[in-house]
K.L.:
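Take this structure first; my questions come after.
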Amino acid sequence: MRKVEVVPHNPEWQRAFELEAQRIASALGANVIEVHHIGSTSIPGIYAKPIIDLMVAVRAIAQVELHNSAMADQGYEAMGEYGIPGRRYFRKHNAMGVRSHHVHVFEAGSDQIDRHLAFRDYMRTHPDD
């Protein structure tokens, strides 16, 4: 059984995202179009699981697997689609074995990109919700 922890918002999460986004963009190479901060840590002021979720838009989803070893060099485990068709999912744990990052990769134009960004942006602009 995995323990789920929810903690007050930490302003350092944005910087953690920025650093990890650079690492991921480097590992996935020229296929990367954009890297977005999504999930609960991307929404200021709310309690969240302290796991940084990153969503990467790429030119060609079929090319992502070619970079699995580069992602492994960054500490990520490749999980394939992991239940969402068209996604490539990676997860990372810290030195204590606690999950620290999720990476969701979709091809540009995927409805999943729009869905994730719409939810994040709605929550950012409607804090009472």
K.L.:
For residues Met55 and Val32: do they belong to one hydrophobic cluster (side chain heavy atoms under 4.5 Å, members Ile, Leu, Val, Met, Phe, Trp, Tyr)?
P.N.:
no
K.L.:
Do Ile24 and Phe90 touch side chain to side chain, with heavy atoms closer than 4.5 Å?
P.N.:
no
K.L.:
Counting N and O atoms only, with roles assigned by atom type, does the side chain of Asn94 sit under 3.5 Å from a partner on the main chain of Ser100, one being a donor and the other an acceptor?
P.N.:
no
K.L.:
For the residue pair Asp129 and Tyr122, establish whether any side-chain heavy-atom pair is separated by less than 4.5 Å.
P.N.:
yes
K.L.:
Please step through side chain to side chain contact (heavy atoms under 4.5 Å, CB included) for the pair Arg88 and Asn68, ending with a clear verdict.
P.N.:
CA-CA 10 Å; Arg88 299 302 179 269; Asn68 282 355; over 6 Å; no
K.L.:
Sub-3.5 Å donor-acceptor pair from the side chain of Glu34 to the main-chain atoms of Ala57, do we have one?
P.N.:
no
K.L.:
Within the structure provided, determine whether Val103 and Tyr76 are in side-chain contact (heavy-atom separation under 4.5 Å).
P.N.:
yes
K.L.:
Is any side-chain heavy atom of Val35 less than 4.5 Å from a side-chain heavy atom of Phe17?
P.N.:
yes
K.L.:
Applying the side-chain hydrogen bond (donor to acceptor under 3.5 Å, both in side chains) criterion to Glu77, which one of Lys92, His93, Arg91 satisfies it?
P.N.:
Arg91
K.L.:
Do side-chain atoms of Ser26 reach the backbone of Arg23 as a donor and acceptor pair under 3.5 angstrom?
P.N.:
no
K.L.:
Taking atom types as modelled, is there a side-chain donor on Gln22 or Glu18 under 3.5 Å from an acceptor on the other?
P.N.:
no
K.L.:
I'd like to know if the side chain of Glu107 and the backbone of Ile61 have a donor-acceptor N/O pair within less than 3.5 Å.
P.N.:
yes
K.L.:
Verify the cluster assignment for Val58 and Tyr82: are they in a single hydrophobic cluster under the rule of side-chain heavy atoms below 4.5 Å apart?
P.N.:
no
K.L.:
Provide the closest heavy-atom pair for Ala108 versus Ile113 in the form atom of the first, atom of the second, distance.
P.N.:
CA-CD1, 4.1 Å
K.L.:
What is the distance from atom CD of Gln74 to atom CG of Leu28, rounded to the nearest 0.5 Å?
P.N.:
9.5 Å
K.L.:
The test is side chain to side chain contact (heavy atoms under 4.5 Å, CB included); show your working for Val56 and His104 and say whether it passes.
P.N.:
CA-CA 6 Å; Val56 182; His104 312 265; over 6 Å; no
K.L.:
Counting only pairs under 3.5 Å, give me each side-chain donor-acceptor contact of residues 39-47, with atom names and distances, residues two or more places apart or in other chains.
P.N.:
{"residue": "Thr41", "atom": "OG1", "partner": "His37", "partner atom": "NE2", "Å": "2.9"}
{"residue": "Ser42", "atom": "OG", "partner": "Gly39", "partner atom": "O", "Å": "2.6"}

K.L.:
Once rounded to the nearest 0.5 Å, what's the spacing between atom CG of Asp121 and atom NE2 of His116?
P.N.:
12.5 Å
K.L.:
Measure the spacing between CG of Leu19 and CD of Gln14 and express it to the nearest 0.5 Å.
P.N.:
10.0 Å
K.L.:
Could you measure the distance from the NE2 atom of His9 to the CD atom of Glu12? Nearest 0.5 Å is fine.
P.N.:
9.5 Å
K.L.:
Can you confirm whether Leu117 sits close enough to Ile38 that some side-chain heavy atom of one is under 4.5 Å from a side-chain heavy atom of the other?
P.N.:
yes
K.L.:
Could you report the tightest heavy-atom contact between Gly83 and Arg87, atom names first, then the distance?
P.N.:
N-NH2, 4.5 Å
K.L.:
Can you check whether Phe106's main-chain N or O pairs, donor with acceptor, with Ser110's side chain at less than 3.5 Å?
P.N.:
no
K.L.:
Among His36, His102, His101, exactly one meets side-chain hydrogen bond (donor to acceptor under 3.5 Å, both in side chains) together with Asp53. Which residue is that?
P.N.:
His102
K.L.:
Does any non-hydrogen side-chain atom of Ile52 lie less than 4.5 Å from one of Trp13?
P.N.:
yes
